[in-house]
Amino acid sequence: MRRLEFLCLGILWILAALQQVKSHGSHPFSKIAIHKSTFALNENAGVKASPSVLGLKGENTEWVTLKYSSPNPSSDDWIGVFSPANFSSSSCPMDNPRVYPPLLCSAPIKFLYANYTNPKYKTTGRGLLKLQLINQRSDFSFALFSGGLAKPKVVAISNRVTFANPDAPLYPRLAQGKDWNEMTVTWTSGYGIDEAEPLVEWSQNGKDLMRSPAGTLTFDRNSMCGAPARTVGWRDPGFIHTSFLKELWPNNEYTYKLGHRLTNGSYIWSSTYKFRAPPYPGQNSLQRVVIFGDMGKDEADGSNEFNDFQHGSLNTTRTLIQDLKNIDIVFHIGDICYANGYLSQWDQFTAQIGPIASTVPYMIASGNHERDWPGSGSFYDTMDSGGECGVVAQNMFYVPAENREKFWYVSDYGMFRFCVANTELDWREGTEQYKFIEHCLASVDRQKQPWLIFLAHRVLGYSSCTFYAEQGSSSEPMGRESLQSLWQKYKVDLAIYGHVHSYERTCPIYQNICTNDEKHYYKGALNGTIHVVAGGGGASLSPFITLQTKWSIYRDYDYGFVKLTAFDHSNLLFEYKKSSDGRVYDSFRLSRDYRDILACAVDSCPSTTLAS
């Protein structure tokens with residue numbers, strides 16, 4: 001009983017510090033009147049969670065059943081999920097007006113109303129909920145609140161729930177290395193380097209078993225730039241390990257598993273996974289690429305989470321998993337999970353994409369919700385990262401950048417060359433990033449890699465989204481002005497962006513003029529670049545202006561993603577698929593020869609001489 005009183009007093013301190021702030025969407029926690037919170041522990045109320053130990057057979061995701069009761073039930077009673085179970089009661093400084101609720105000193109992972117699946121709860125005072133938990137290196141507890149959101153009261157706290165091995169190696173994320181025949185594997189665990197040595201055991205079709213060591217990174221609260229990441233949203237990230245699997249044979253299948261050798265000589269192993277090695281740059285084979293932005297995460301159990309506005313996220317994830325055998329590599333171009341400073345959400349995101357990222361390279365780009373923070377060097381002086389200022393994304397995911405803080409990089413995949421920019425750092429002419437972009441575009445051998453793709457988070461090209469129109473523009477200010485000459489000079493085929501939460505495709509275009517009147521079958525030279533917004537991965541949709549511009553060929557106010565299929569050096573298929581059903585709703589084909597790439601277009605011809 002004394003333990004319950006201690007925990008409940010801790011909750012009261014948390015509630016006393018909860019403040020209402022601007023919400024991205026209508027999150028229920030934004031309506032909590034914290035100044036009216038009271039202590040209301042009732043010995044006749046209770047919460048029981050079972051089973052109390054999860055993952056006894058090595059599972060990383062389990063369902064927990066909650067049984068709860070209250071002598072004074074109400075339709076606005078709710079259950080909050082907390083981890084660690086004995087959550088902090090420290091104060092909550094409010095120094096970020098962009099922090100989205102809930103703003104708790106030890107942020108809950110999620111919550112559900114007590115009557116969510118119990119319509120008779122108000123009459124009987126009894127309820128049952130099933131909640132999905134993932135292994136996050138700590139234990140869990142569940143708190144029952146009465147009084148609704150206007151006058152919240154702590155009624156009861158559950159028993160402690162934990163995974164059998166909370167330190168287990170989890171959630172592998174594949175990514176291409178800096179060399180074409182290298183695959184990197186990144187994962188999370190609770191084992192520091194003084195406790196265990198991380199490694200990957202891997203082989204080609206079960207033959208010639210090899211072991212590769214892994215490097216270990218982590219970060220602390222002081223690495224965060226501000227609230228909530230530095231305060232209420234902070235949660236220990238554990239240890240992040242990356243191993244480099246080298247000298248792979250192109251297109252061959254490999255198996256691997258994550259491991260840790262403990263100080264006593266024993267090993268902890270993960271499940272076994274598979275991946276296919278990348279093709280050689282220029283290799284003529286079937287190559288399939290999926291691209292989207294702004295997916296975020298969602299809860300399979302129906303519970304509410306911080307930015308409860310990523311409703312398409314699970315559909316996108318499930319559709320990609322169902323078609324994974326027809327996908328070779330994925331690019332998630334910014335706004336990854338919308339943790340916005342609540343670090344527990346990164347674990348939940350890596351668990352959500354686990355079946356994808358453990359099987360094919362999952363390449364990311366930096367977005368405003370990963371990087372932007374005032375005074376941190378970001379190009380945009382906003383608080384969109386919730387104080388993360390790029391640190392979490394840079395550690396959680398590997399990218400083959402020369403400097404991961406800058407987060408721009410080249411990715412060669414068979415017949416594709418991807419130039420991945422970072423719109424959250426200055427890209428204008430004369431900057432370091434501008435020089436990188438030009439070198440990436442200029443250095444590709446188009447005879448071997450004919451498909452040249454520019455990827456970035458914010459729209460630097462063209463968009464009919466209302467929030468650009470309200471600024472008197474159709475893209476980020478200074479975007480096209482700085483880069484369109486490079487796209488044209490080096491004959492970029494496609495420029496694909498996120499940030500705008502919808503889908504749109506333009507004609508091949510240069511300086512606001514369509515350079516080709518075709519819409520679905522392009523033969524020969526494009527004479528311009530096709531710009532695509534593919535930010536409908538899962539976050540709340542962005543509306544379009546009603547004006548139909550000449551350059552906008554197709555718009556869709558829905559969730560979806562882009563798929564590129566290179567059949568050979570001369571034929572490319574572009575498809576836009578909805579997340580809801582995986583069907584194609586927009587497409588075009590591009591057919592051309594190498595001489596079409598060499599052909600001159602406006603502002604794309606090299607100098608010539610009359611000398612014989």
Side-chain angles (χ1 to χ4, degrees), residues 55 57-61 135 165 167-191 193 195-217 238-281 283 285-290 320-321 323-330 350-351 353-363 396-400 411-414:
K57 296 181 180 180
E59 301 94 337
N60 300 322
T61 302
N135 192 343
N165 181 8
D167 295 327
L170 299 170
Y171 319 127
R173 287 90 74 184
L174 298 174
Q176 283 192 289
K178 292 181 181 178
D179 295 325
W180 70 268
N181 58 350
E182 179 181 65
M183 188 73 77
T184 69
V185 187
T186 299
W187 73 96
T188 308
S189 84
Y191 293 111
I193 55 176
E195 301 172 280
E197 296 175 349
L199 70 151
V200 173
E201 186 174 271
W202 57 291
S203 67
Q204 183 179 347
N205 296 322
K207 304 173 184 176
D208 301 323
L209 199 65
M210 292 169 281
R211 287 183 176 178
S212 295
T216 299
L217 297 173
F239 299 93
I240 302 156
H241 317 280
T242 299
S243 183
F244 297 81
L245 313 186
K246 299 175 178 289
E247 297 183 359
L248 304 175
W249 290 83
N251 289 89
N252 275 242
E253 186 177 84
Y254 291 82
T255 59
Y256 72 99
K257 60 181 179 180
L258 320 172
H260 292 266
R261 189 177 69 163
L262 305 180
T263 54
N264 63 8
S266 63
Y267 287 84
I268 301 293
W269 295 107
S270 72
S271 302
T272 299
Y273 305 92
K274 293 182 179 181
F275 71 85
R276 188 171 298 278
Y280 182 74
Q283 178 179 305
S285 61
L286 183 67
Q287 295 154 18
R288 301 155 299 184
V289 183
V290 164
L320 294 179
I321 292 172
D323 196 40
L324 200 54
K325 65 181 181 299
N326 296 312
I327 299 171
D328 298 313
I329 186 171
V330 169
T350 56
I353 65 167
I356 305 168
S358 63
T359 306
V360 301
Y362 198 96
M363 313 300 292
M396 291 292 287
F397 286 85
Y398 176 85
V399 295
S411 182
D412 290 319
Y413 192 88

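Since the structure is predicted, the reported quantities are computational estimates derived from the model, not experimental observations. One-based numbering along the sequence shown.
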Open item on the list: Walk me through whether Trp269 and Leu199 qualify under side chain to side chain contact (heavy atoms under 4.5 Å, CB included).
Closed with: CA-CA 10 Å; Trp269 295 107; Leu199 70 151; 4.0 Å; yes

Open item on the list: Less than 6.0 angstrom from the centroid, inside 45 degrees of the normal: does Arg173 satisfy that with respect to the ring of Phe397?
Closed with: yes

TODO: Return the minimal non-hydrogen interatomic distance between Leu320 and Ile356, and the atom names on each side.
DONE: CB-CD1, 3.8 Å

Task: Flag, side chain of Glu253 to backbone of Asn205, donor-acceptor distance under 3.5 Å - done: no

Open item on the list: Side chains of Leu174 and Tyr273, heavy atoms from C-beta outward: is any pair under 4.5 Å?
Closed with: no

TODO: Find out whether Val360 and Ile329 are in side-chain contact, i.e. whether some heavy atom of one side chain is under 4.5 Å from a heavy atom of the other.
DONE: no

Open item on the list: Are the side chains of Pro198 and Phe239 in contact, using a 4.5 Å heavy-atom criterion?
Closed with: no

Task: Value rounded to 0.5 Å, distance of NZ in Lys325 from CZ in Arg276 - done: 13.5 Å

Task: Trp180 versus Leu248, closest heavy-atom pair with distance - done: CH2-O, 4.2 Å

TODO: Say whether Glu182 and Thr184, considering side chains only, have a donor N or O and an acceptor N or O under 3.5 Å apart.
DONE: no

TODO: Look at the aromatic rings of His260 and Tyr191 and report parallel, tilted or perpendicular, splitting at 30° and 60°.
DONE: tilted

Open item on the list: Treating Thr359 as the side-chain partner and Pro355 as the backbone partner, does any N or O pair qualify as donor plus acceptor under 3.5 Å?
Closed with: yes

Task: Separation of Arg211 CZ from Leu245 CG (nearest 0.5 Å) - done: 14.0 Å

Task: Thr186 vs Met396 side-chain heavy atoms within contact, under 4.5 Å - done: no

Open item on the list: Do Trp187 and Ser243 have side chains that approach each other closer than 4.5 Å (heavy atoms only, starting at C-beta)?
Closed with: yes

TODO: Take atom CD1 of Ile321 as the centre, draw a 6.0 Å sphere, and report whether it contains more than 12 heavy atoms from other residues, nucleotides or ligands.
DONE: yes

Task: Exercise: identify the closest heavy-atom pair between Ser285 and Gln287 - done: OG-NE2, 3.1 Å

Open item on the list: Testing the basics here: between Trp202 and Lys246, what is the closest heavy-atom pair and its distance to 0.1 Å?
Closed with: CH2-O, 3.5 Å

- [ ] Kindly compute the distance separating OG1 (Thr216) from NE2 (His241), expressed to the nearest 0.5 Å.
- [x] 5.0 Å

Task: Tyr280 atom OH, neighbour heavy-atom count above 12 within 6.0 Å - done: no

Task: Distance (rounded to the nearest 0.5 Å) between Leu170 CG and Leu258 CG - done: 8.5 Å

- [ ] Could you check if a side-chain atom of Gln283 sits within less than 4.5 angstrom of a side-chain atom of Pro278, using non-hydrogen atoms only?
- [x] no

Task: Closest heavy-atom pair and its distance - Asn60, Tyr171 - done: O-OH, 3.7 Å

Task: Sub-4.5 Å side-chain heavy-atom contact between Thr242 and Leu217 - done: no

- [ ] Grab the two heavy atoms, one from Thr272 and one from Thr255, that are nearest each other, plus how far apart they are.
- [x] CG2-CB, 4.2 Å

Open item on the list: Looking at Lys274, I'd like to know if its NZ atom is crowded, meaning that more than 12 non-hydrogen atoms belonging to other residues, nucleotides or ligands lie closer than 6.0 Å.
Closed with: no

Open item on the list: Nearest 0.5 Å, please: how far is NZ in Lys178 from OH in Tyr398?
Closed with: 5.0 Å

Task: Any donor-acceptor N/O pair, Asn252 side chain to Pro250 backbone, under 3.5 Å - done: yes

Task: Side chains of Arg288 and Ile327 in contact at under 4.5 Å (non-hydrogen atoms) - done: no

Open item on the list: Check whether Asp167 reaches the backbone of Ser189 with its side chain - one donor and one acceptor, N or O, closer than 3.5 Å.
Closed with: no

Open item on the list: Rounded to the nearest 0.5 Å, what separates atom CD1 in Ile268 from atom CZ in Arg261?
Closed with: 13.5 Å

